[in-house]
Amino acid sequence: MAICRVFQNPDGSVSIMRPNPTLRQDGESDGAFIVRIADLNRANEEAVARANGVPPSPALPFIDVDESEIPTDRQNRQNWRIKDGKIVSE
């Protein structure tokens, strides 16, 4: 399975980043891959904000999890939260 980054939004809900596996470099570990892609995304978000003359949004708290740890039933996704390093449905 792949590593995903799960961000906690200001309202407590979560957003999930699943990096495109075709962007992975030869021999790159899961951890290095997710960090590199997340850093690229953050740099792009900051560049867009600057280009639009607005401050970038603050960095959100996150956890990195194996994709298998993400609930498969998305019916109650609005209730997903990060708790004790895991995704839970409240």
Side-chain angles (χ1 to χ4, degrees):
M1 285 283 160
I3 297 294
C4 299
R5 183 156 283 184
V6 182
F7 295 93
Q8 181 176 318
N9 298 314
D11 67 356
S13 65
V14 300
S15 296
I16 299 172
M17 182 184 80
R18 289 182 166 96
N20 182 337
T22 64
L23 299 175
R24 189 177 203 140
Q25 298 172 350
D26 289 339
E28 190 171 38
S29 70
D30 287 344
F33 178 49
I34 194 83
V35 168
R36 182 174 59 82
I37 297 302
D39 287 350
L40 285 172
N41 286 344
R42 182 70 185 160
N44 288 338
E45 290 171 4
E46 290 173 353
V48 168
R50 280 192 305 276
N52 288 306
V54 297
S57 59
L60 298 173
F62 66 87
I63 58 171
D64 292 336
V65 299
D66 190 278
E67 191 171 32
S68 65
E69 296 177 44
I70 297 172
T72 55
D73 182 358
R74 298 173 60 88
Q75 185 173 358
N76 293 314
R77 181 166 174 176
Q78 72 277 5
N79 296 327
W80 292 1
R81 301 292 182 263
I82 296 175
K83 188 172 188 175
D84 299 325
K86 297 182 187 281
I87 302 172
V88 298
S89 184
E90 294 187 340

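Computed from a prediction, not measured in an experiment: that's the story for all the values here. Nothing fancy with the numbering, it's 1 onward along the sequence.
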Original post:
What's the shortest heavy-atom distance between Arg5 and Ala38, and which atoms?
Top reply: NH1-CB, 3.2 Å
Subject >> hydrophobic_cluster_shared for Ile70 and Val88, side chain cutoff 4.5 Å >> reply: no
Subject >> Closest non-hydrogen atom pair, Arg24 against Arg36 >> reply: CA-NH2, 3.9 Å
Original post:
For the residue pair Val65 and Gly85, what are the closest heavy atoms and their distance?
Top reply: CG1-O, 4.4 Å
**OP:** Would you mind reporting whether Ile82 and Phe62 have side-chain heavy atoms less than 4.5 Å apart?
**Re:** no
Original post:
Do Ile16 and Glu67 come close enough that some side-chain heavy atom pair is under 4.5 Å?
Top reply: no
**OP:** Look only at the side chain of Asp11 and the backbone of Ser13, and say whether a donor-acceptor pair between them is shorter than 3.5 Å.
**Re:** yes
Original post:
What distance do Asp30 atom CG and Glu28 atom CD have between them, rounded to the nearest 0.5 Å?
Top reply: 9.5 Å
Subject >> Over 12 foreign heavy atoms within 6.0 Å of CD, Glu90 >> reply: yes
Original post:
Which pair of heavy atoms, one from Arg42 and one from Pro56, lies closest together, and at what distance?
Top reply: NH2-CB, 4.4 Å
Original post:
Between Leu60 and Pro10, is any pair of side-chain heavy atoms under 4.5 Å apart?
Top reply: yes
Subject >> Donor-acceptor pair, side chain of Asn52 and main chain of Val54, under 3.5 angstrom >> reply: no
Original post:
If two hydrophobic side chains count as joined below 4.5 Å and joins carry through other members, does Ile37 share a cluster with Ile63?
Top reply: no
Original post:
Which atom names give the shortest non-hydrogen contact between Asp64 and Ile3, and what distance separates them?
Top reply: CB-CG2, 4.0 Å
**OP:** Work out which heavy atom in Arg77 is nearest to a heavy atom in Val14; give both atom names and the distance.
**Re:** NH2-O, 3.8 Å
**OP:** Report yes if some heavy atom in the side chain of Trp80 is under 4.5 Å from a heavy atom in the side chain of Val6; otherwise report no.
**Re:** no
